[in-house]
Amino acid sequence: MEKKYYTLDEMLDEDLGKIGTPQRDAFESAVQEEIRAYHIGEAIRKARQERSMTQEQLGELMGVKKARVSKIENGHNITISTMARAFKAMGIPASLNLGGIQVAL
């Protein structure tokens, strides 16, 4: 018996529908959001490490526990206020572009 191999797109088409369907679009949007959160967490981790800080030290400056810093750096539950607190605690000026409007964090 010969094995049948499927591409990721074929599996997604089967399970969620073709690109452009509401269920597939919702899935694709959620994946993109997770990727953005991952990159933000990585930026926070890199900045912390460049400053030779531990997660515990950053947590103290942010007013959170080490476990929360770990979750942030792993891309979990990152909010704009969390990003702002992390960057501010490390003395990093940061801003967010909201459709052409720059907002200082």
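- K65 pairs by the side chain to side chain contact (heavy atoms under 4.5 Å, CB included) definition with nothing, not counting sequence neighbours.
- We find the CD-NZ distance between E10 and K4 to be 5.5 Å, quoted to the nearest 0.5 Å.
- Rounded to the nearest 0.5 angstrom, E56 CD and S70 OG are separated by 12.5 Å.
- Contact record, Q23 with D15: NE2-O, 4.4 Å, taken as the closest heavy-atom pair.
- I72 is not connected to I35 by any chain of hydrophobic side-chain contacts under 4.5 Å among Ile, Leu, Val, Met, Phe, Trp and Tyr, and they are in different clusters.
- Here the CD1-CG distance, from I44 to N74, works out to 11.0 Å after rounding to the nearest 0.5 Å.
- Taking each heavy atom of A86 and L58 in turn, the nearest pair found is O-CD1, 4.1 Å.
- The hydrophobic clustering, which links ILVMFWY residues whose side-chain heavy atoms are closer than 4.5 Å, places Y6 and F27 together.
- E73 is listed as a side-chain neighbour of R48, based on a closest heavy-atom distance under 4.5 Å.
- For residues 77-86, every residue pair satisfying the side-chain hydrogen bond (donor to acceptor under 3.5 Å, both in side chains) rule, not counting sequence neighbours, is listed here: T79-S81, T79-T82.
- Between M90 and L61, the closest side-chain pair of non-hydrogen atoms is not below 4.5 Å.
- Other residues, nucleotides and ligands contribute over 12 non-hydrogen atoms within 6.0 Å of the CD atom of E28.
- Looking at Q57, its side chain does come within 3.5 Å of a backbone N or O of T54 through a donor-acceptor pair.
- A salt bridge does not link E60 to K66: none of the charged side-chain nitrogens sits closer than 4.0 Å to a carboxylate oxygen.
- No continuous path of ILVMFWY side-chain contacts below 4.5 Å connects I40 to V31, so the two sit in separate hydrophobic clusters.
- The two residues I92 and A47 come nearest to each other via the heavy atoms CD1-CB, 3.5 Å.
- Distance check, rounded to the nearest 0.5 Å: NE2 of H76 to CD of E34 gives 9.0 Å.
- With sequence neighbours excluded, the residues that form a side chain to side chain contact (heavy atoms under 4.5 Å, CB included) with I19 are R24.
- Taking a 6.0 Å sphere around CD of E14, one finds it holds 12 or fewer heavy atoms contributed by other residues, nucleotides or ligands.
- Residue-environment remark: OH (Y38) stays at or below the threshold of 12 foreign heavy atoms within 6.0 Å.
- Counted within 6.0 Å of NZ on K3, heavy atoms from surrounding residues, nucleotides or ligands total 12 or fewer; the atom is thus considered open.
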